[in-house]
Engineer: 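Handing you this structure, nothing more for now.
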Amino acid sequence: MIWVIPYHSVEDVIFGEGLDTEPTVTTDTQSPEKPLPGPEPCAASDTYPADWSLKTRLLFTSSQPFTWTDHLKAQEEAQGLVLHCRAAGFSLPHSIAEPRLSTDLRCAFQQALVYWLHPTFPWLQLFPRIGADRKMTGKNSPWTQDEALQQVLMSEWALSFTSLYNLLRAKLCPYFYVCTYQFTVLFRAAGIAGSDVITAVMSPTTRGLREAMKNEGIDFSLPLVTNDPNKKAKASETSECDDKMQESDHTSEGEEAPPDSDEDESFSWLEEMGVEDKIKKPDAISIKLRKEKNEVKLDHRPESVVLVKGTNTFTLLNFLINCKSIVAAAGPQAGLPPTLLSPVAFRGATMHTMKARTVNVRTQVRSGYKDQFSLEITGPVMPHTVHSLTLLLKAAQKGSFSASLYTHDPTTVFNTAIHSQNCKEMDGAELANCGLHPMTLEQFTQSSTLGKSSLRHLDLSDYKFTWKC
């Protein structure tokens, strides 16, 4: 069979949109090659920045075949799972002449696809959770009308969540995600992302959620607001307004407020013009409404990302365990606990592997036809998976491949810097047993540099990386 497809629809074939493809398909096309759209790539480097956003799928393309990823033997699959459970790092040569014959490479590939999840219901897709109502509609959810079952699920979830946090605190887990139907939280161990304490980044948030956290005594910051000088000035003005509002409240209760020299000075120019009686000064209610309006503007936006550090992350843990609003009260996700995603095993977790399949496409170029080989990875793709796979492909594909990374957009903001610019680099020696490959750990101890963007495209040419956000 020959399928004639334009070059820009190759991904449609790879993703199976409109075509029922087998794991390996060869097609002929008549369209010329076209460059991928996007900004100019950065300068070539031996590595690339850590990306803390979650990916829904990866698409690798290369002039070298990916047949070494197909049809793993039972022994290779078992060995890969054992290597993962033992957190054993793989060691590969600079270039592999015959990847298909390399047992170590195929075992390492199986090892890289493993992730741990709680809870698990095989008939439900538990990632992503934000915007997943349509995919869950009509699915069997026996806990929806059963409060006793909901309590059992939440009790088991709380134990798993606590287990993960304890592993994180012991530096046996580098990071993990809590995915609710409204927001996602990324917990990172001390020593990760340039921080010497445990950190938690939450996004998106609302004013109600932030107020609830304040009431529980959780000290947090809004890094995308406080790092912006203009927004910092606005935040300072809001704080001053709060103080004035409180003074006004005391005055209304019969207490005499002390004279505010700053306020007198701010309106002195009106007196010089003789119009001070015609201008109404803002009262406490107006100031409060203005503050609430500014806070609500942040809701559900990247700027609403919340950063929690140190011992406050333990308070956040207890807050999330006891917060009823993290579970939907109605709809397809009603009564379903948040999804826990981790690169290492924890209490109550289930081992899963991401799906991988290869597609071969033949495209026409000036000199004739060119074989284009592709490898697609689907599932919740965590940061360490991206790095592990690029290490494998770097050796197997002879230092040349391209990768398209599809980001779960609400988690893009997790690349925001969580430290001061003068923060020193962290030593990952204490995290040696956290389950990451030494080169992956070296990348993850470095400070975040992508800001509010995430990696969308990676290119490896002659063993040098370039990337686009």
Side-chain angles (χ1 to χ4, degrees), residues 50-58 113-120 124-132 157-169 172-190 192-193 195 198-205 209 302 304-308 313-314 316-317 319-321 323 326-327 333 336-354 377-388 405-416 418 434-436 440 444 448 450 454-455:
D51 186 348
W52 291 102
S53 64
L54 285 165
K55 311 296 181 184
T56 55
R57 61 189 177 187
L58 308 175
L113 297 180
V114 177
Y115 66 95
W116 297 84
L117 178 141
H118 179 91
T120 296
L124 291 180
Q125 181 179 324
L126 294 177
F127 175 82
R129 294 291 296 273
I130 298 176
W157 179 84
L159 290 175
S160 295
F161 189 10
T162 304
S163 169
L164 258 180
Y165 184 85
N166 290 337
L167 288 169
L168 191 85
R169 187 165 55 181
L172 297 175
C173 174
Y175 66 91
F176 67 88
Y177 293 85
V178 182
C179 306
T180 78
Y181 76 106
Q182 288 184 317
F183 59 85
T184 307
V185 189
L186 167 61
F187 284 83
R188 286 179 284 204
I192 298 292
S195 175
I198 296 176
T199 60
V201 189
M202 179 188 300
S203 178
T205 65
L209 178 61
S304 70
V305 62
V306 162
L307 171 62
V308 182
T313 58
F314 182 72
L316 176 63
L317 165 78
F319 169 76
L320 293 175
I321 289 176
C323 181
I326 66 171
V327 177
Q333 300 192 58
L336 185 62
T339 300
L340 301 175
L341 284 173
S342 169
V344 300
F346 59 96
R347 179 174 177 175
T350 305
M351 176 190 286
H352 291 260
T353 56
M354 284 164 279
I377 308 292
T378 57
V381 185
M382 287 184 279
H384 75 285
T385 304
V386 177
H387 193 263
S388 295
L405 299 85
Y406 296 82
T407 303
H408 179 45
D409 287 336
T411 63
T412 298
V413 74
F414 288 163
N415 289 314
T416 301
I418 59 173
C434 72
L436 296 181
T440 304
F444 285 179
S448 301
L450 295 177
S454 63
L455 295 179

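Predicted model, so just to flag it, every value in this text is computed and none were measured.
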Engineer: Return the set of residues passing side chain to side chain donor-acceptor pair (under 3.5 Å) with T407 (not counting sequence neighbours), or none when no residue passes.
Structural biologist: K55, S454
Engineer: Are L405 and L58 side-chain neighbours, meaning at least one heavy-atom pair lies under 4.5 Å?
Structural biologist: yes
Engineer: Where do W157 and I321 come nearest, in terms of heavy atoms and distance?
Structural biologist: CZ3-CA, 4.1 Å
Engineer: Give the minimum heavy-atom separation between S203 and V413, together with the two atoms involved.
Structural biologist: OG-CG1, 3.3 Å
Engineer: Please check if the side chain of H118 supplies one atom and the backbone of S160 the other of a donor-acceptor pair under 3.5 Å.
Structural biologist: no
Engineer: Using side-chain heavy atoms (C-beta onward) and a distance below 4.5 Å, is L54 in contact with F414?
Structural biologist: no
Engineer: Using the side chain to side chain contact (heavy atoms under 4.5 Å, CB included) rule, pick out the option among L341, T385, T353 that qualifies with Y115.
Structural biologist: L341
Engineer: Is the backbone of A158 close enough, under 3.5 Å, to the side chain of T162 for a donor and an acceptor to pair up by distance?
Structural biologist: yes
Engineer: Among all residues two or more places apart in sequence or in another chain, which pass the side chain to side chain donor-acceptor pair (under 3.5 Å) test with S304?
Structural biologist: none
Engineer: Indicate yes or no: at least one non-hydrogen side-chain atom of I192 is less than 4.5 angstrom from one of W52.
Structural biologist: yes
Engineer: Compare all side-chain heavy atoms of H352 with those of T120 and state whether any distance is below 4.5 angstrom.
Structural biologist: yes
Engineer: Can you name the closest pair of heavy atoms from P119 and L126 and give their distance?
Structural biologist: O-CD1, 2.9 Å
Engineer: Taking the side chain as every heavy atom from C-beta outward, state whether I130 and P128 have any atom pair closer than 4.5 Å.
Structural biologist: no
Engineer: Give me the atom names and distance for the closest heavy-atom approach of P174 to V344.
Structural biologist: CD-CG1, 4.4 Å
Engineer: For residues 173-189, which residue pairs pass the side chain to side chain donor-acceptor pair (under 3.5 Å) check, not counting sequence neighbours?
Structural biologist: Y175-H384
Engineer: Does the side chain of L186 reach to within under 4.5 Å of the side chain of T411, using non-hydrogen atoms?
Structural biologist: no
Engineer: Can you list everything that forms a ring-ring contact (aromatic ring centres under 6.0 Å, His included) with F127? Sequence neighbours excluded, please.
Structural biologist: H408
Engineer: Going from CH2 on W116 to CE on M351, what distance comes out if it is rounded to the nearest 0.5 angstrom?
Structural biologist: 3.5 Å
Engineer: Between CG of L320 and CE of M202, what distance do you get to the nearest 0.5 Å?
Structural biologist: 5.0 Å
Engineer: Which atom names give the shortest non-hydrogen contact between L164 and L340, and what distance separates them?
Structural biologist: CD1-CB, 4.1 Å
Engineer: As an exercise, state the distance from OG1 of T56 to CD1 of I377, rounded to the nearest 0.5 Å.
Structural biologist: 12.5 Å
Engineer: Does the side chain of L168 reach to within under 4.5 Å of the side chain of I198, using non-hydrogen atoms?
Structural biologist: yes
Engineer: Are V178 and Y165 packed together at the side-chain level, in the sense that at least one heavy-atom pair is separated by less than 4.5 angstrom?
Structural biologist: no
Engineer: Please identify each residue that fulfils ring-ring contact (aromatic ring centres under 6.0 Å, His included) with F187, with sequence neighbours left out.
Structural biologist: F161, F176
Engineer: Which residue pairs pass the side chain to side chain donor-acceptor pair (under 3.5 Å) test with at least one member in residues 337-348, sequence neighbours excluded?
Structural biologist: R129-T339
Engineer: Measure the spacing between CG of N166 and SG of C173 and express it to the nearest 0.5 Å.
Structural biologist: 11.0 Å
Engineer: For residues M354 and T378, report the shortest heavy-atom separation together with the two atoms involved.
Structural biologist: CB-O, 3.3 Å
